[in-house]
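Heavy-atom basis, side chains included; hydrogens, waters and symmetry copies ignored. When a ligand or atom number is given, it counts from 1 through the structure's own listing order.
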Amino acid sequence: MIQAAVLGYGTVGSGVVEVLYKNKDLIAQRSGEEIEVKYILDLREFPGDPFENKVVHDVNVILDDPEISIVCETMGGIKPAYQFTKDAILKGKSVCTSNKELVAAHGPELLRLAKEHNCNYMFEASVGGGIPIIRPLNTCLAPESIEKIMGILNGTTNYILTKMAKEGASFDEVLKEAQEKGYAERNPEADVEGHDACRKIAILSSLMTGKNVRSEQIYTEGITKISTQDFAYAKHLQKSIKLLAMSERTDNGAVAMVAPFMIGEEHPLNGVNDVFNAVYVTGNMVGDLMFYGQGAGKLATASAVVADVIDCAKHQGKNVPCRWEEEDVTLCDMKESKRRFFVRASMDDRGAAINSFGRIDEIRIYDEEFAFITEPMAEKEFDTRLNGIRNVLSVIRVED
Ligand code: HSE
């Protein structure tokens, strides 16, 4: 019998306990041993909860119990999750987490410590919720040089953008409704400003390069400026607007960014809607792959944590290698990367746009403005040309 503990009895933590008990028998078969939750750490009491007698308030009860070999960290945030994780690993206890903020900030250090203490630090649930992507990158795709990763990695923003597209509603209206329904946080900044997607692509980029990609280095733009007019043009062009997180190997090194993109009708990420996430991976041998599923939510995310628990159970006393070194990667300047851009400007600037960009295929939907899509060019060159236009109404990058 393996004894486990869950740190944080919120949405994901209670989901982990539920998955472990609902699928107890098949999990025991697949792990080779039964897994029992001995403790649940939380500041709160849970009167009436079937597991209320397992709740403890002092992490040392868990850390000092030699029977505990696996800890699920579902608290989120850096403090105190970082210290609790480190202390558990230093005692040889494996830790499975859904905490992308902690993985992005301290992943390689915690992986090194786990290796030194013959245990594991696993983080399948930190990116894409229930979508298996960390283990596939580490194991199934081990023979590949991963050339590109492109993903819709945030469910909240994908839900908002899908609603805006379908209902013609404004960002503020949809955000308010999403908050009322509990799909968006009361403080939605981490989601709508792209920080959550940025942490997730930092983790994937680190696995792609094998070194440490710091999230602060990644150019990040959120979705707050996307308007109903932008969606009217997208519809006309048969494109969707999605918040994309991407990371790519180039001749000069890796480039990573998070920003809204207009996506062509034929693109596999075009039809990823609502709270769903998808990760599109290009390997140099296997070609293109797409992983799709629920990027958030109680049982989907908990299932990914429990997949790690099973892996840890199968590798007790043995470290499963994960190629993510502590050395920081210096990313290439994203201003060197090339793409097409959708531009909207006031009618007064039509001449200026032609002067700056040469011949343009004008798109007209509203009387007082026009739009066009540029030829492919480096971001740097685009910025220079765009300077020639005074009243730019919006710019959205294009992925065909
Ligand atoms: N806030 C995140 C999202 C939760 O909306 O995708 C899952 O990481």
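- Heavy-atom distances between Gly129 and ligand 1 stay at or above 4.0 Å for every pair.
- Using a 4.5 Å cut-off on side-chain heavy atoms (C-beta onward), Leu141 and Val286 make contact.
- Residue Glu185 places every heavy atom at 4.0 Å or more from ligand 1.
- Taking the six-membered ring for Trp and the full ring otherwise, Tyr233 and Phe342 have centroids separated by under 6.0 Å.
- Annotation: Gly155 places an N or O atom under 3.5 Å from an N or O atom of ligand 1; distance criterion only.
- Distances between N or O atoms of Asn277 and those of ligand 1 include no value under 3.5 Å.
- Atoms of ligand 1 found under 4.0 Å from any heavy atom of Gly295 (numbered from 1 in listed order, with element): 7 (C).
- Each of Lys163, Lys166, Lys242 was scored for a side-chain hydrogen bond (donor to acceptor under 3.5 Å, both in side chains) with Asn273, with one residue passing: Lys242.
- Among all protein heavy atoms, the one lying closest to atom 8 (O) of ligand 1 is Lys100 NZ, 2.6 Å.
- Aromatic pair Phe51/Tyr21: centroids less than 6.0 angstrom apart.
- You'll find the ring centres of Trp324 and Phe123 inside the 6.0 Å limit.
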Please set out all donor-acceptor pairs under 3.5 angstrom arising from side-chain atoms of residues 256-266, sequence neighbours excluded.
none

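- Nearest to atom 1 (N) of ligand 1 among the protein's heavy atoms is Asp191 OD1, 2.9 Å.
- Among all non-hydrogen protein atoms, the one lying nearest atom 5 (O) of ligand 1 is Thr156 OG1, 2.6 Å.
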